[in-house]
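Down below is the structure, laid out as structure tokens.
Computed over heavy atoms, backbone and side chain alike; hydrogens, waters and symmetry mates excluded. Residue numbers count from 1 along this sequence. Remember, predicted model here, so these are calculated numbers, not experimental data.
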Amino acid sequence: MVAIGLSADAVARVRFALSGLWEVMAGIRVLRDPGRHAIHLPWAARVRPRLAEAGLLDGADALLWRLVPPAPGYLPDFLTPPPTGLDPDLAEELTTLRATPPAAVRAHLDLLPGPRPAAVSALYADPVAGLARLAGEVEVYWRLAVAPDWPRIRAVLDADVFHRARRMATDGAAGLLNDLHERVRWEGDSLLVGQRHCTAPDVPAGGGLVLVPSVFVWPSVLSIAAGDVSQLAYPARGVGTLWETPVRAADALGAVLGRGRARLLVALDAPRSTTELSRRTGLSPSGVSQHLTALRAAGLVVTRRQGRSRLSSRTAVADALVGASG
């Protein structure tokens, strides 16, 4: 258990952020022990051969692999610097990673148990060169394992932030923080995070908190209670359906609305972008846009801007239609 100081003043600085680096590090943990992350088995089976061919899995020189232990081992804090803004891109995060002070890199590596593999020893001896190498491995990993699925992952993350922001507006900070995960609760002036084998010291006076929704961190949470800003990566809502094949519209609903519009409504079980809807339904992006325009006019869909994306979601009437046709 680690306690992160979260006074009323600090709660005012709670914010959300998406992070490609968090997804990379949590994804490596999935690949190290897929049995602990059964939801992601289809993804792991698909990407493992690509990563093995690229030399990023279990090789003596695979720095990224050697730095990220299976759960619940210690993940060096410098691997996931606090994201700036809601939606920093990976290149921006890697620039921050490469700029990590050598003393901080060595201090975090000193916390790793056991003897250091050769690749980690090289990073310790020359952090500047080692971080450049690490950033290169992250870029390759991202291209092979995450980028092909990023639109669907991003849709889940955006939908989670949308839901949590509404929860915050409706129920305040307590409603938000106590609904993140079964191991997270806000009591008094502290956010308590129950993590097995956690040896991190308590942070008595936190300077704010960054909430990072993640698909690969499921089913646990990961926290960094260090520095000026603490971070909490938690499982995004909707992870359970992430790797499902596109759903089929019910025949009865399709007969009323048309097959394409029915498929869209069924796919809108969470707020989604036009790109994600196109991928899930097989419709062209222009076709999706035309159908959404008609569904909005009928009061079945609403569309809101979330960061750089426009997310569409079903109305209560549409939920009732889909439920009745299922």
Fill in the blank from the handout: The reported gap from CH2 in Trp218 to CG in Leu242 (rounded to nearest 0.5 angstrom) is 11.5 Å
Fill in the blank from the handout: Taken to the nearest 0.5 Å, the spacing of Leu295 CG from Arg314 CZ works out to 11.5 Å
Practice task
Give a yes/no verdict on a cation-pi contact between Arg116 and Tyr124, requiring under 6.0 Å between NZ or CZ and the six-membered ring centre and an angle within 45° of the axis.
Solution key: yes
Handout entry: Pair Phe216-His37, ring pair (Phe, Tyr, Trp, His ring centres under 6.0 Å): steps then yes or no
Key = CA-CA 8 Å; Phe216 292 117; His37 311 269; 9.0 Å; no
Problem - Contacts of type salt bridge (Lys or Arg N to Asp or Glu O under 4.0 Å), residue Asp149, not counting sequence neighbours - result: Arg46
Problem - Parallel, tilted or perpendicular: ring planes of Trp243 versus Trp43, cut at 30 and 60 degrees - result: parallel
Fill in the blank from the handout: Minimal heavy-atom distance between Val161 and Pro213, with the atoms involved, is CG2-CG, 3.8 Å
Problem - Min side-chain heavy-atom separation Leu64-Leu79 under 4.5 Å - result: no
Problem - Which atom of Asp160 lies closest to which atom of Pro235, heavy atoms considered - result: OD1-O, 4.5 Å
Problem - Shortest non-hydrogen separation from Leu63 to Gly130 and the atoms involved - result: CD2-O, 3.6 Å
Practice task
Taking all non-hydrogen atoms of both residues into account, name the closest pair between Pro271 and Leu311 and its distance.
Solution key: CB-CB, 4.0 Å
Practice task
Inspect the surroundings of CZ in Arg50 and state if more than 12 heavy atoms from other residues, nucleotides or ligands are less than 6.0 Å away.
Solution key: yes
Fill in the blank from the handout: Here the side-chain hydrogen bond (donor to acceptor under 3.5 Å, both in side chains) pairs for residues 15-26, sequence neighbours left out, are Ser19-Glu93, Trp22-Gln231, Glu23-Ser214
Practice task
Give the minimum heavy-atom separation between Asp179 and His163, together with the two atoms involved.
Solution key: OD2-NE2, 4.3 Å
Handout entry: 4.5 Å side-chain heavy-atom contact, Asp58 and Trp65
Key = yes
Exercise for the section: For His108 and Pro76, indicate whether the former's side chain and the latter's backbone hold a donor-acceptor pair under 3.5 Å. Expected result: no
Handout entry: Minimum side-chain heavy-atom gap Val302-Arg304 below 4.5 Å
Key = yes
Handout entry: Derivation and outcome, salt bridge (Lys or Arg N to Asp or Glu O under 4.0 Å), residues Glu139 and Arg143
Key = CA-CA 6 Å; Glu139 290 176 325; Arg143 175 171 54 83; over 6 Å; no
Fill in the blank from the handout: Nearest heavy-atom contact between Arg29 and Gly73 is NH1-O, 3.2 Å
